Amino acid sequence: MLELKNPALYKNQCYINGIWENANNGALINVINPYNNALVGQAPDMTADECSKAIDAAHQAFLEWRNFPATDRAKVLKKWYKLQMQNLDDLAKILTSEQGKPFAEAKGEIRYGASFVEWFAEEAPRVYGDVIPGHGRDKRITVIKQAVGVVGAITPWNFPNAMITRKVAPALAAGCTLVIKPSELTPLSALALAELADQAGFPPGVLNIITTNDAPSIGKELTGNPKVKKLSFTGSTKVGKILLRQSADSIKKVSLELGGNAPFIVFEDADIDAAVEGAMASKFRNAGQTCVCANRVFVQEGVYEEFVSKLAKAITQLKLGDGMIQGTNIGPLIEPKALDFVEKIVEDARTKGAQILSGGKVAAPHQLVYEPTLISHPSTDMMLFREEIFGPVAPVFKFNTEEEVISLANDTQYGLASYFYGRDYARIWRVAEALEYGMVGINTGMISTTLAPFGGIKESGLGREGSKYGIEEFLNIKYMCWGGVE
Ligand code: SIN
């Protein structure tokens, strides 16, 4: 069991209507540390009935919360932010234990997660309307923005903290209330956040957490229940499509942050050392398990050998193993299924003729740590060109012309993140405009920040999270037409 400075954060019950609850049938989910297979804790395995009860509570709370002055909502959010920062080490410890990412990275995630709470606390009082010139002498037009209502939030295991706060903070700032379903693999981070929300003083029902092993049933309830007005999901494109279809019957507002297949392009005029640094940061963050990780690296012919040899050298510096040991850079993959998939991708590349320059296997038998893998001379018929790898595997393709690499980069159904390195400013504009992606990193491999609108196009999603755009996803516009103003 986990030893924390603040043991109150170690929860094994769900938070519904301000009360900590077990599952009605007493069922539990075992939460397993992916590094050593140890039991980290347990969480209730709840059903759709309990989710429906949480939705009722959120609906009741919404009727009050939406009428709080925005400055009062901001005050509670700021308190929640402060509590998260005060409990940073404990939150990171819980995160590393259930997810596996290195402790330093987990601390980075807690700071990143909390930054959404701070930012949206400040945005709450800035939900401005509009006054528009009327269409007749006696007419006036005003526009106000109102909270959409109860939000269903379904969040992933790769960022057990930040993907919750990135949805919850703007929703609460706007005046919405929520029912959150975290991943069954990482529910403890979500429950710890709920404990801090309770301490911060959110009224009962404003924030509810349902943990479950039965994601499809809870997904059906959150998308089918007419009291839920908005669904916000981060996860796979496959599941996102199901949730979008299910939301159609009640025409819910939907935000989706889905899969990616990020190109990382290095032109001949790039600063190669900076490009290698960017590729390392983008590719190996969270052991390659992020939607914005570089998936396909494309390097122009003249600098291919130099880039590959420098990347190979940088990879040798990575330390693998237990995320709780200081200095670890690469932790385990989340579960055996994830390891199987990464192994399949590498095997496919090997049999189709790619060269595995380093890695290409698990670090130790019976473990989920996969060696950082560098693959040269891959081709477009390999799985790694089409599939989101979600592991520490870097395939490096060679290209000749700008036109060729744009066509390769865009040859995917995904459109989340993309990256390129180069110095020619005219080409920078051309390439940034030509990439069919929602986000473009130019001479950087790190694009995630509270201040920017995170999100994708094509089959990578709908809507934006973070920045001034993030709160709009939780607001409806109401237009009032005033007549008879003589
Ligand atoms: C994700 O992988 O879903 C999010 C990554 C990020 O916010 O940087």
Side-chain angles (χ1 to χ4, degrees), residues 92 95 99-102 104-120 153-170 180-183 185-186 189-190 193 231-240 243 255-264 278-295 331 333-334 338 341-342 387-393 414-419 437-441 444-467 469-470 473:
L95 203 163
Q99 202 273 344
K101 72 176 62 173
E105 224 179 296
K107 280 171 85 166
E109 179 179 339
I110 303 303
R111 283 193 202 96
Y112 178 45
S115 72
F116 290 102
V117 182
E118 185 183 37
W119 166 270
F120 284 108
I154 303 181
T155 59
W157 51 263
N158 62 342
F159 288 86
N161 173 290
M163 295 305 102
I164 293 179
T165 55
R166 191 156 83 178
K167 297 177 190 315
V168 171
I180 304 148
K181 188 209 85 66
S183 165
L185 300 172
T186 56
S189 293
L193 278 173
L231 180 82
S232 182
F233 169 69
T234 296
S236 72
T237 294
K238 188 173 154 217
V239 174
L243 295 170
S255 293
L256 302 171
E257 296 292 354
L258 307 177
N261 183 0
F264 187 103
M280 291 297 293
S282 168
K283 178 69 251 182
F284 297 110
R285 176 175 173 225
N286 200 11
Q289 303 173 105
T290 89
C291 306
V292 292
C293 279
N295 210 55
L333 297 174
I334 188 70
F341 186 68
V342 170
E387 306 279 345
E388 187 175 29
I389 301 170
F390 243 61
V393 176
Y414 295 111
L416 191 60
S418 57
Y419 309 86
Y437 289 84
M439 299 179 283
V440 185
T444 177
M446 294 297 285
I447 53 174
S448 301
T449 161
T450 313
L451 309 178
F454 189 102
I457 58 171
K458 293 160 77 178
E459 293 189 21
S460 287
L462 296 170
R464 295 286 162 156
E465 292 187 327
S467 82
Y469 300 100
E473 305 284 335

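Counting convention: from 1, in listed order, for ligands and their atoms alike. Please read all numbers here as calculations on a predicted model, not as lab measurements.
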Subset of ligand 1 atoms that lie under 4.0 Å from at least one heavy atom of Y112: 6 (C), 7 (O), 8 (O)
Ligand 1 atoms in contact with N158 (distance to a heavy atom under 4.0 Å): 1 (C), 2 (O), 3 (O)
Per-atom contacts, ligand 1 versus T290 - under 4.0 Å to a heavy atom: 2 (O)
M439 side chain reached by S418 side chain, heavy atoms, under 4.5 Å: no
Contacts of K181 that satisfy side-chain hydrogen bond (donor to acceptor under 3.5 Å, both in side chains) - sequence neighbours left out: none
R464 to F454 six-membered ring, cation-pi geometry met (6.0 Å, 45°): no
M163, portion touching ligand 1 at heavy-atom distance under 4.0 Å: side chain
Identity and distance of the protein heavy atom lying nearest atom 5 (C) of ligand 1: F159 CE1, 3.6 Å
Ligand-residue contact atoms, ligand 1 with R285, heavy atoms, under 4.0 Å: 6 (C), 8 (O)
Salt bridge flag under 4.0 Å for residues E105 and R285: no
Pair N286-Q99, side-chain donor/acceptor within less than 3.5 Å: yes
Option nearest atom 3 (O) of ligand 1 (shortest heavy-atom distance, choices G260, C291, P156): C291
Side-chain donor-acceptor contact under 3.5 Å, S255 with K167: no
Sub-4.0 Å heavy-atom approach of Q289 to ligand 1: no
Region of S448 engaging ligand 1 - heavy atom pairs below 4.0 Å: side chain
Matching residue for L416 among V292, T290, L258 - test: side chain to side chain contact (heavy atoms under 4.5 Å, CB included): V292
